[in-house]
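Have a look at the structure below, then the notes.
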Amino acid sequence: MSSCFTDLALQYIDGEWRPGTGSWDIIDVNPYDGTKLASITIATVDEVDQAYRAAQRAQQAWAATNPYTRRAVFERALRLVEEREQEITEAIIAELGGTHLKAGFEIGLAKEFLREAAQLTLRSEGRLLPSPIEGKENRLYREPVGVVGVISPFNFPFLLSIKPVASALALGNGVVLKPHQDTPVVGGTYIARIFEDAGLPPGLLNVVLTDIAEIGDAFIEHPVPKVISFTGSDKVGRHIATVCAAQLKRTVLELGGNSALVVLDDADIDYAVDAAVFSRYVDQGQVCMAANRVLVDRSVAEEFTEKFVAKVRTLKTGDPSDPQTVIGPVVNSLQANAVSAAVDQAVAEGATVLVRGGAHDNLVEPSVLTDVPADSALLHKEIFGPLALLVPFDGEEEAIRIVNDTPYGLSGAVHTADVERGVAFAKRVDTGMFHVNDGTIHDEPLVPFGGEKHSGIGRLNGETTLDAFTTLKWISVQRGRSRFPF
């Protein structure tokens, strides 16, 4: 496994594996035990430019390639992921502290998106539109935008790099990928190796391992990319949107969340507990769709709370390589300290502690709090760690008010015995996605994925991917003769 990280601790530019030329190194570290996985000399602004220029040179021939030929690359990439699933699992465990359960969940979704990418190659369909002008034919062509810049996060780096990268490539674009500094291999160069081995032509996919301390805004300001796809915090997303807007450059931004899972008075309590525990604690709570807030009707709050707390106490925290572990380490000490600080803040504000998990380096045990004051900042922001906030409410109207009382609007869920009651509830929530009688964490290849408010701009998956990574060109043909006024 260590050789995997050493071999891939390089930049991948124009089909070549080479070291960066920056003045310092990114140290890739196992967040569980602190062992050094690799040392990576960062890419400079010049290497970012080389990567974008390579993608630009390679893209035109790729766009002109028969889509069935392009499809074969993604079919081979899928087979390689299937063949290397054990190695990818070990890499996810080592580089980001993911558990076996989390790795399986992430790889499974990545395979689904590779299947969808293979189909996307055949879906850039044109249209013929009628004209009020006699003898005129209007043709609408869907074409690739050219080059896409992708910035991926640390929490689901394999999936959230593959999804935009494979989709953009499938639609005939070139891509430059900048993975998060904490997951440079799983979120970056491992994916480049898969596509290289699958026969993707050199130059189409480039991976730069770098940091804004070195390159500033060069990745998003560069004139070549027409679209920047970013998954990460709303603070960084707003900056990217501002810079790109000044250049009339398109963005697809999947940002943070403060999702709520709502338990109505007629819910199946045992099932709702299972959904809520998974929605809050999968991947140590480091998921944008995670149920930060668990809202429970006061009439069933006592039963729900007792069962929720009992289940949380069974979650094993520890070594992510142990298949029995549910809660592994958070990605770094910054995240670990932030979670502990959030618990301390809530307690200082008067919250009641139902479960208080300890913290040992990057291992943060799950905590459960209730009676958090309504004006606490914790109820309105994203908490990226294993901390659940239980919030009782009286009736649906109060539940709707609490759910919407946040600047975010990504995901959520409601539990009820009446499905249509749940749908009516979901329609009143200001969010991009909402689920009835399920968890808050879902992503499917054909369904538009994205948020409202501070949770992002744009959508990916299915038809919305076409809108994200292609552009429309109108070509008219006059088969007769137009009449001109002079």
Side-chain angles (χ1 to χ4, degrees), residues 52 55-75 77-78 112-133 136-150 161-177 195 198 200-201 203-206 222-231 241 244-245 247-254 432 443-450 456-479:
Y52 274 128
Q56 184 180 44
R57 286 192 301 272
Q59 184 269 328
Q60 289 190 355
W62 177 244
T65 301
N66 186 297
Y68 284 87
T69 302
R70 294 207 306 267
R71 183 177 69 171
V73 171
F74 300 95
E75 291 172 338
L78 173 60
E112 289 299 328
F113 279 98
L114 282 171
R115 291 187 182 97
E116 174 62 11
Q119 297 306 310
L120 272 176
T121 59
L122 310 180
R123 288 170 61 187
S124 288
E125 301 167 347
R127 298 173 64 194
L128 291 177
L129 300 177
S131 172
I133 300 172
K136 191 172 187 180
E137 178 183 274
N138 288 319
R139 301 181 184 183
L140 199 61
Y141 291 84
R142 188 177 284 278
E143 299 184 338
V145 294
V147 175
V148 176
V150 175
S161 293
I162 276 187
K163 180 163 79 164
V165 165
S167 299
L169 289 170
L171 292 168
N173 298 289
V175 175
V176 179
L177 168 63
F195 277 106
L200 186 73
L204 276 171
L205 173 59
N206 303 268
H222 197 282
V224 165
K226 304 305 180 188
V227 176
I228 298 294
S229 174
F230 169 76
T231 304
C244 290
Q247 299 183 335
L248 301 180
K249 187 177 295 186
R250 201 188 304 173
T251 55
V252 181
L253 305 175
E254 198 281 278
D443 194 359
E444 297 181 12
L446 297 181
V447 185
F449 183 101
I457 297 173
R459 299 289 189 271
L460 285 180
N461 305 358
E463 294 296 323
T464 58
T465 299
L466 292 169
D467 295 331
F469 298 139
T470 65
T471 189
L472 295 172
K473 176 179 282 188
W474 171 31
I475 297 179
S476 74
V477 177
Q478 176 53 280
R479 297 188 182 279

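Since the model is a prediction, treat every value here as computed from it, not as a measurement.
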Nearest 0.5 Å please: distance from the CG atom of Leu169 over to the CZ atom of Phe74.
5.0 Å
Shortest non-hydrogen contact from Gly172 toward Gln59:
O-NE2, 2.9 Å
So does Gln60 have more than 12 non-hydrogen atoms from other groups sitting under 6.0 Å from CD?
no
Only counting residues at least two apart or in another chain, list the ones meeting salt bridge (charged side-chain N to carboxylate O under 4.0 Å, His left out) with Arg70.
none
Which pair of heavy atoms, one from Ala170 and one from Ala117, lies closest together, and at what distance?
CB-O, 3.2 Å
Identify the heavy atoms of Ala468 and Leu460 that sit nearest to each other, and give their distance.
CB-CD2, 3.8 Å
May I ask you to check whether over 12 heavy atoms, not counting those of Lys473, lie within 6.0 Å of atom NZ?
no
By side-chain hydrogen bond (donor to acceptor under 3.5 Å, both in side chains), which residues pair with Arg459, not counting sequence neighbours?
Glu452
For the side chain of Asn461 and the backbone of Glu444, is there at least one donor-acceptor N/O pair under 3.5 Å apart?
yes
CD on Glu143 to OG1 on Thr470, rounded to 0.5 Å:
9.5 Å
State the CD-CG distance between Glu112 and Leu78, to the nearest 0.5 angstrom.
8.5 Å
Tell me, do Arg139 and Leu128 make a side-chain contact under 4.5 Å, heavy atoms counted?
yes
Donor-acceptor pair, side chain of Asn173 and main chain of Gly146, under 3.5 angstrom:
yes
Looking at side-chain heavy atoms only, is the closest gap between Ser124 and Leu171 below 4.5 Å?
yes
Could you tell me the separation between the CD1 atom of Ile475 and the OH atom of Tyr141, rounded to the nearest 0.5 Å?
5.0 Å
Going by heavy atoms in the side chains, are Phe230 and Thr251 under 4.5 Å from each other?
no
Hey, what do you get for OG1 (Thr121) to OH (Tyr68), rounding to the nearest 0.5 Å?
8.0 Å
Which heavy atom in Gly149 sits nearest to a heavy atom in Pro225, and how many Å separate them?
N-CB, 4.0 Å
Less than 4.5 Å apart, side chain to side chain, heavy atoms only: is that true for Lys226 and Thr471?
no
Evaluate Asp467 against Arg142 for side-chain contact (heavy atoms from CB on, under 4.5 Å), listing each step before the verdict.
CA-CA 9 Å; Asp467 295 331; Arg142 188 177 284 278; 3.6 Å; yes
Under a 4.5 Å cut-off applied to non-hydrogen side-chain atoms, are Phe449 and Thr464 in contact?
no
Could you tell me whether the side chain of Arg115 reaches within less than 4.5 Å of the side chain of Pro445, counting heavy atoms only?
no
Presence of salt bridge, Lys163 and Glu116, under 4.0 angstrom:
no
To the nearest 0.5 Å, what is the distance between CD1 (Ile228) and NZ (Lys249)?
5.0 Å
Given the rule in the side-chain contact (heavy atoms from CB on, under 4.5 Å) test, do Phe113 and Asp443 qualify, once you have shown the distances and angles that lead to the verdict?
CA-CA 10 Å; Phe113 279 98; Asp443 194 359; 3.4 Å; yes
Considering all heavy atoms, the nearest Gly462-Leu120 contact
O-CD2, 4.4 Å
Of all the heavy-atom pairs spanning Ala198 and Ala77, show the shortest one and how long it is.
CB-N, 3.7 Å
Would you say Leu177 and Ser161 make side-chain contact, with heavy atoms under 4.5 Å?
yes
Apply side-chain contact (heavy atoms from CB on, under 4.5 Å) to the pair Trp62 and Val73, showing each step before the final yes or no.
CA-CA 12 Å; Trp62 177 244; Val73 171; 4.1 Å; yes
